[in-house]
Protein chains: 2
Amino acid sequence: MEEDVKEGASDKYSLRGRVFSRLREDILNGKYDEGIELREIAIGEELGVSRTPVREAFRQLELEGLIRIIPNKGAYVVGISDKDVRDIYILRSRLEGLAARWAVDHITQEQMEEMEENVYLAKFHTQKGHTEQMFELDNRFHELLYEASGSKILEHQLKDYHQYVLRIRKKTLSSATRGPQSNLEHEAILEAIKNKNADDAERLANEHMINAYKNMIDKGLVKPE
Amino acid sequence: MEEDVKEGASDKYSLRGRVFSRLREDILNGKYDEGIELREIAIGEELGVSRTPVREAFRQLELEGLIRIIPNKGAYVVGISDKDVRDIYILRSRLEGLAARWAVDHITQEQMEEMEENVYLAKFHTQKGHTEQMFELDNRFHELLYEASGSKILEHQLKDYHQYVLRIRKKTLSSATRGPQSNLEHEAILEAIKNKNADDAERLANEHMINAYKNMIDKGLVKPE
DNA sequence: GCACAAACGATTGTATACAATGATACAAGA
DNA sequence: TCTTGTATCATTGTATACAATCGTTTGTGC
């Protein structure tokens, strides 16, 4: 089994890695609002470490675009604008389409089975209204699709974007109407891949993203630009 | 004028920023071969700085995928496989197409003028066989396209990929046949944008990347998969 | 009261000291 | 001879000390 690309960078067993993961999570979950200044000492004290690992984590967070470091001044949490969300969803729609197309030829038996199980379970939890499980299953479905593409580059890229819009997605799926529809679309993508129909797979995955974005607009989570 | 996304991260006036830029350049130019171990002290001594800025630069290089850090062990230069190159060119072909499409609506007068100048100059230097200038102009043409897309997200992404395949591209353009053809394709993209023809712009930019990749295969720079 | 400059404080930038970890070499035993 | 344990060393991980920089405040002159 190949190791996760991101794992290599986050390195959860070093202090720096833990600080990095923790800060990223906190930022994505909205603990630190947009524009907030992060002070090295304060973060260090909060997590019980010195400034060194904090600084290294900051440098990585900046490269991920989550914070902006102004030399000799400070580190500030960067927000995601509505335009960013829109751009990311359009990029994702195209790249997820590509991932689905490639998955037709590269998906493994094991991945296929997990995907089928995923779709099946999602139906169940949606009926029951288990939003937390629905959220996790949706995440996993997309990660599976990325992995099934057989391209480390594409997988890495899509996981990045996926992470990036987490904040907003967390609210989306809790709505009663999008859950079932999303499940149907997942199922259709799965069927296309199973039937080795690359064109359908690409088109369906593409539309799935567009629909997800439209849903966010309808819910008022983002402005339509 | 908005500042360069990358610039914010490289910060050329701090030691860390200089170390980062220098190491990235050295790796991309092939000074350090794939698999070579980079030692913090050695790099620090070579550049006349202590380990601290070197370490911070390492963390960023890892996130850019240029080196791989194994905890408590060392930092190793990561190579680009032929499959990676192929994947990136396919992604780029799609995303550059998107950038060209968006540029139709978002390009500024200033950008348009620089692009026209770029195409004009490229013709001149190609006739004269000035490979270094051709290389720079080609780089700039694509950066301009990214900037003209009006999307920071897309621009950032494409610049990343562009950087990533620099090693190989440096060899490509020096060949006598691809230069003129590449110029013609740039000109066609420019014309499509100028004529506000989004479909043509996307298709041409898309094909331009595919052609660039095919050329690398023909030259034997990468294996076709 | 206002303008401007100097000094202070807070924060980041860098260097260095110390701790922890992993690799290697070598010796002892099976 | 091969394996295994241990000591040693090189290298990274972390903490801390010191330097540089930016903002602000305070004080002085007009």
Side-chain angles (χ1 to χ4, degrees), chain A residues 3 6-24 26-27 31-78, chain B residues 3 6-24 26-27 31-78:
Chain A
E3 73 277 36
K6 266 284 180 269
E7 273 320 296
S10 29
D11 171 21
K12 52 180 152 234
Y13 297 112
S14 71
L15 291 187
R16 169 189 60 81
R18 293 214 299 272
V19 172
F20 176 72
S21 303
R22 172 66 180 281
L23 283 178
R24 179 165 65 176
D26 283 348
I27 292 175
K31 174 173 174 182
Y32 303 112
D33 288 338
E34 175 176 347
I36 290 291
E37 177 171 357
L38 299 179
R39 287 190 199 76
E40 296 172 356
I41 297 178
I43 301 292
E45 283 176 353
E46 188 179 330
L47 302 180
V49 300
S50 79
R51 284 176 56 212
T52 308
V54 174
R55 282 179 62 83
E56 295 181 356
F58 274 20
R59 296 303 177 269
Q60 298 189 303
L61 288 168
E62 176 173 44
L63 229 56
E64 289 225 325
L66 290 175
I67 67 176
R68 170 173 169 71
I69 296 175
I70 300 177
N72 293 308
K73 189 145 182 296
Y76 302 87
V77 176
V78 169
Chain B
E3 72 277 37
K6 269 282 181 270
E7 272 321 295
S10 31
D11 173 18
K12 52 179 153 237
Y13 297 111
S14 70
L15 290 188
R16 169 189 60 80
R18 293 215 299 272
V19 173
F20 176 71
S21 303
R22 172 67 181 279
L23 283 178
R24 179 165 65 176
D26 283 347
I27 291 174
K31 174 174 175 182
Y32 303 112
D33 289 337
E34 174 176 347
I36 290 291
E37 178 171 358
L38 299 179
R39 287 191 199 77
E40 296 172 355
I41 297 177
I43 300 292
E45 284 177 352
E46 189 179 329
L47 302 181
V49 301
S50 79
R51 285 175 55 214
T52 307
V54 174
R55 282 179 61 83
E56 294 181 356
F58 274 20
R59 297 302 176 268
Q60 297 189 304
L61 289 168
E62 176 173 45
L63 228 57
E64 289 225 323
L66 290 176
I67 67 177
R68 171 173 168 73
I69 295 175
I70 299 176
N72 292 309
K73 190 146 182 292
Y76 303 87
V77 176
V78 169

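Each chain gets a letter, A, B and so on, in the order its sequence line appears, and its residues count up from 1.
Atom CD in B/Glu56 sits about 10 Å away from atom C1' in C/dT12, given to the nearest Å. Between A/Arg16 atom CZ and D/dA15 atom C1' there is a gap of 16 Å when expressed in whole angstrom units. The distance from atom CD of A/Glu62 to atom P of C/dG13 is 10 Å, rounded to the nearest whole Å. Between the P atom of C/dT12 and the CZ atom of A/Arg39 lies a distance of 7 Å, rounded to the nearest Å. Protein atom CD1 of B/Ile69 is 13 Å distant from nucleotide atom C1' of D/dT11, rounded to whole Å.
Here A/Leu61 contributes atom CG and A/Arg68 contributes atom CZ; the two are 15.0 Å apart, rounded to the nearest 0.5 Å. Between the CZ atom of B/Arg51 and the CD atom of B/Glu40 there is a distance of 4.5 Å, given to the nearest 0.5 Å. Interatomic distance, B/Leu63 CG to B/Leu66 CG, rounded to the nearest 0.5 Å: 10.5 Å. Atom CG of B/Asp26 and atom CG of B/Leu47 lie 8.0 Å apart (nearest 0.5 Å).
With respect to the salt-bridge test (charged N to carboxylate O, under 4.0 angstrom), the residues A/Lys31 and A/Glu46 qualify. At a threshold of 4.0 Å, the pair A/Glu56-A/Arg18 does not count as salt-bridged, since none of the basic side-chain nitrogens sits closer than that to a carboxylate oxygen.
Out of D/dT11, C/dG13, C/dT12, the shortest distance to the side chain of B/Glu37 is found at D/dT11. Side-chain proximity of B/Asn72 to the nucleotides C/dT14, D/dT11, C/dT21 is greatest for C/dT21. Checking D/dT14, C/dA23, C/dA15 against the side-chain heavy atoms of B/Lys73 singles out C/dA23 as nearest.
Residue A/Ile70 is classed as having no contact, given no heavy-atom separation below 4.0 Å to the nucleic acid.
Taking a 4.0 Å limit (strictly below) on heavy-atom distances, residues 40-54 of chain B reaches DNA chain C at B/Val49, B/Ser50, B/Arg51, B/Thr52, B/Pro53.
Residue B/Arg55 places no side-chain N or O under 4.0 Å from the OP1 or OP2 atom of C/dA15.
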